[in-house]
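Throughout, a chain's letter reflects where its sequence line sits, starting with A, and its residues are numbered from 1.
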2 protein chains.
Amino acid sequence: MEIVDLSTLPDSETRYTEFLRQICEKHDMDHAAYAGMNPAAGTVAGFVTYDDAWTEHYQNQGLIMVDPTIHMARRSIAPVDWSRLERSPDFQRVFRDASDFGLPNQGVTIPVRGPYGDIGLLSATRKCSKDEWRKLFTHVISDLQSMAVHIHDNVVSSDELTNVLYHPTLSTREAEILQWVAAGKSQQDIGDILSISHRTVEVHLRSSREKLSALTTPQAVGRAIAIGLITPS
Amino acid sequence: MEIVDLSTLPDSETRYTEFLRQICEKHDMDHAAYAGMNPAAGTVAGFVTYDDAWTEHYQNQGLIMVDPTIHMARRSIAPVDWSRLERSPDFQRVFRDASDFGLPNQGVTIPVRGPYGDIGLLSATRKCSKDEWRKLFTHVISDLQSMAVHIHDNVVSSDELTNVLYHPTLSTREAEILQWVAAGKSQQDIGDILSISHRTVEVHLRSSREKLSALTTPQAVGRAIAIGLITPS
DNA sequence: GTCAAAATACGGGAATCCCCCAATAGAAAA
DNA sequence: TTTTCTATTGGGGGATTCCCGTATTTTGAC
C-alpha cells in the first residue's frame, strides 16, 4: 500500500482530482472531496469527484453555509462520521438534496489543520448500509487520515497565493514588538522593556501594520497570529 | 487492529502513559511520547515512556527550547521523520545527549492541531538502522497518525483547565464587534456599521477584554482568534 | 565601491482609545 | 415575582495610539 506522492505529479488541479479518484478505488468509496481554506489569506480550494450537477446545485443553493459535515469537522479534531449528524436539522436539508442527486448517504469528513490557521477537509462517501459502512470505516479510517494530511500538505505548499501571503516577513524588532503587543503590553511598556523610546516602538508597529496590510494594530496582531509570525499569549 | 478507546479508561495520567506503551508494543517501537500545548490557555501536558533520568535531564537542560523535532513538527502539517533533521546543529546537541542516555536514534514526530490553536505532538522512536527504520516507518505511519489524533482529541476533551478557558463565551454583540475590530475598523466605524453609539461599542469591547482576561484590545483579538471565537480577516 | 532601500531611533501634536462614573429597558434565570 | 444578566446610551478626562517629520546605521544590489 504505497502512498502516491502528489509532489511528483504535474502541477494542476487535475492531479488532485485524480488523487481523490485513486482514494475511492483503493478504499471502495463512491466519491471523495477535498476543501481547503486559509482564513488569513482568504483563499479557498476545492476538488471533488462528484458530478457537476451536484456541485452546481450545492453552490447555487449555498449549501456550504448549512452543511453539517463542514460545521462539525471545522470544530473537531477527530474524523466526523456522518451518521453522527443524522439528528441535525440541517442534515435533512442537505442530505435530502444529495439523495435526489443519487449521492451516497454514508460518509466521513476528516479535518486537517496547518500551523497558519489553514484547514483542510477530506470527505469520502459510499452508498451502503450502516453495518457495511461501519466495517469499511474502521478498516480504512487511518489510511484516510494519512491521505487527508498528505493532500492538505501538498495543497498548502503548492498554493502560490498562500505562499506569498505566508511570507510578509517582519524584521526581528517588528516581530518582537508585535509579540509584546499581543501579550497586552502598551507601547510605553514595550519601550521600557526594550530600553528604547515608545516613539520608536510605534514606528515599528506602523511598519508591521503596513507589511501585514492591516489598518489597525489589533488587525495586525490577528493576522500575525493567524499566519504564525507571532504566538498568542 | 482495534483502536483502544481512551475515553473508556479511568481518568488519570497513567492511562495516557499506558496508551503510549501499547503503541510501542503494537508497532515495535522502543519509546513513545506525547506533548500537548494550548498557547491561548498556556497549558502544557506531557506523557512519556522514557526513563525519569532522561526526562529530568531534558527539563533541567532546557532541551525543549532547542529540540529540533519540536521546532519542525510545530511548523509542519505532515509527520516529521527525525532523519531529515540530522543537518540541524541543534540536532547534534539534543541527540548526542539522548544517545548518552541510551535512547534510540530513529524516530518520528507527528503534529495534530485542534480548532482552538491547540497542538499535540506524538513521537515514536526505535533504535535500529536507517533501512530498518524506513521500512517500519512506511508500515506504521498511518496508524500512528490515527493514534496521534486519538490521544490529542482525548487530552483536549478531558483537560478541565483547557475546557474552562475554551468557553469564555462572548455574547453575539461582543463577538460581532470584536470581529469588526479584527477587520481593522475603529470604534466609531463599528458604531456606524451597527447603528449604535461608539460608546456602546467601547462597552462591549471592554467586557470582551474582561471575559478573555486580556489587558488590551489587541491581546483580546489575538486570543479570540487563537481560541476560534472570531476569524482573522 | 557606491547608492538605494530598509531597519532602527526619536519627537510634536492630533485623534483615538480606555477607564471612571451613571442610567434605562428587556430577557433570562432564580 | 424578584433578581441577574445583557444590550444600550451618555459624559469627562487621562492615557495611549497614530500620523507627520527627521536622522543614523545596516543591508543589499549593481
Side-chain angles (χ1 to χ4, degrees), chain A residues 163-230 232-233, chain B residues 163-230 232-233:
Chain A
N163 277 323
V164 169
L165 291 172
Y166 262 26
H167 296 298
T169 51
L170 298 181
S171 73
T172 311
R173 217 41 163 181
E174 287 160 351
E176 189 178 17
I177 287 175
L178 203 58
Q179 181 68 68
W180 280 114
V181 171
K185 301 296 181 185
S186 72
Q187 295 181 3
Q188 183 64 61
D189 290 340
I190 299 170
D192 293 344
I193 292 170
L194 301 179
S195 301
I196 57 177
S197 163
H198 68 96
R199 307 288 185 175
T200 306
V201 172
E202 198 274 329
V203 172
H204 287 300
L205 272 180
R206 194 187 316 159
S207 62
S208 297
R209 285 195 299 270
E210 283 168 8
K211 287 182 178 178
L212 292 164
S213 304
L215 293 168
T216 64
T217 298
Q219 186 179 24
V221 168
R223 287 193 170 161
I225 286 176
I227 64 183
L229 293 175
I230 62 174
S233 64
Chain B
N163 277 322
V164 169
L165 291 173
Y166 259 26
H167 296 298
T169 51
L170 298 181
S171 72
T172 312
R173 217 41 163 178
E174 287 161 350
E176 190 177 17
I177 287 175
L178 204 59
Q179 181 69 68
W180 280 115
V181 171
K185 300 298 182 187
S186 73
Q187 295 181 3
Q188 184 63 59
D189 289 342
I190 299 170
D192 294 343
I193 291 169
L194 301 178
S195 300
I196 59 178
S197 162
H198 69 95
R199 302 285 188 176
T200 309
V201 172
E202 199 272 331
V203 170
H204 286 302
L205 270 182
R206 194 185 317 159
S207 63
S208 297
R209 285 195 299 270
E210 283 168 8
K211 286 182 178 177
L212 292 164
S213 304
L215 293 168
T216 62
T217 298
Q219 186 179 25
V221 168
R223 287 193 172 162
I225 286 176
I227 64 182
L229 293 173
I230 62 175
S233 64

| remark: Letter by letter from the 5' end, nucleotides 23-30 of chain C scores (B base, S sugar-phosphate only, - none; protein heavy atoms under 4.0 Å) --------

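Within the nucleic acid shown, S208(A) has no heavy atom closer than 4.0 Å to any nucleic acid atom.
Partners of E210(A) under the side-chain hydrogen bond (donor to acceptor under 3.5 Å, both in side chains) rule, at least two apart in sequence or in another chain, do not exist in this structure. For S186(B), the side-chain hydrogen bond (donor to acceptor under 3.5 Å, both in side chains) partners at least two apart in sequence or on another chain are D189(B). Remark: L215(B) pairs with Q219(B) by the side-chain contact (heavy atoms from CB on, under 4.5 Å) rule, at least two apart or across chains. In this structure S197(B) satisfies the side-chain contact (heavy atoms from CB on, under 4.5 Å) test together with R199(B), T200(B), sequence neighbours excluded.
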Going by atom type alone, with no hydrogens or angles, which donor-acceptor pairs under 3.5 Å involve a side-chain atom of residues 201-209 of chain A and a protein atom two or more places apart or on another chain?
from: E202(A); atom 1: OE1; to: R206(A); atom 2: NH2; distance (Å): 2.7
from: S207(A); atom 1: OG; to: E174(A); atom 2: OE2; distance (Å): 2.6
from: S207(A); atom 1: OG; to: H204(A); atom 2: O; distance (Å): 3.0
from: S208(A); atom 1: OG; to: H204(A); atom 2: O; distance (Å): 2.9
from: R209(A); atom 1: NH1; to: T217(A); atom 2: OG1; distance (Å): 2.9

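P232(A) approaches G222(B) most closely through the heavy-atom pair CB-O, 4.2 Å. In this structure, A224(B) and L212(B) approach most closely via the heavy-atom pair CB-CD1, 4.1 Å. Closest of all the heavy-atom pairs between G184(B) and T216(A) is O-CG2, 3.3 Å. For R173(A) against L194(A), the heavy-atom pair with the smallest separation is NH2-O, 3.8 Å.
The distance from the CG atom of L170(B) to the CD atom of Q179(B) is 11.0 Å, given to the nearest 0.5 Å. The structure places CD1 of I190(B) at 9.5 Å from CD of E176(B), a figure rounded to the nearest 0.5 Å. In this structure, NE2 in H198(A) is found 8.0 Å from CD in Q187(A), a value given to the nearest 0.5 Å.
With the end axes of the helix from dG1(C)-dC30(D) to dA30(C)-dT1(D) each set by five pairs, the angle from one to the other reads 70° at 10° resolution.
Read 5' to 3', the first and last nucleotides of DNA chain D with an atom closer than 4.0 Å to a heavy atom of chain A are dT17(D) to dC20(D).
Within the structure, a side-chain polar atom (N or O) of H204(A) is placed less than 4.0 Å from OP1 or OP2 of dA9(C).
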Between N or O atoms, less than 3.5 Å apart, protein on one side and nucleotides 10-17 of chain C on the other: list the pairs.
from: dC10(C); atom 1: OP2; to: S197(A); atom 2: N; distance (Å): 2.6
from: dC10(C); atom 1: OP2; to: T200(A); atom 2: OG1; distance (Å): 3.0
from: dG12(C); atom 1: N7; to: R199(A); atom 2: NH1; distance (Å): 2.8
from: dG12(C); atom 1: N7; to: R199(A); atom 2: NH2; distance (Å): 3.2
from: dG12(C); atom 1: O6; to: R199(A); atom 2: NH1; distance (Å): 2.9
from: dG13(C); atom 1: O6; to: R199(A); atom 2: NH1; distance (Å): 2.8
from: dC17(C); atom 1: OP1; to: Q187(B); atom 2: N; distance (Å): 3.0

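Looking only at side-chain heavy atoms (C-beta outward), V181(B) and I230(B) stay at 4.5 Å or farther from each other.
Atom CD in E210(A) sits roughly 15 Å away from atom P in dA5(C) (whole-Å rounding). We find that CG of L178(B) is positioned 11 Å from P of dC18(C), with the value rounded to whole Å.
With DNA chain D read from its 5' end, the first of the two nearest nucleotides for T216(B) and S171(B) is the one closest to S171(B).
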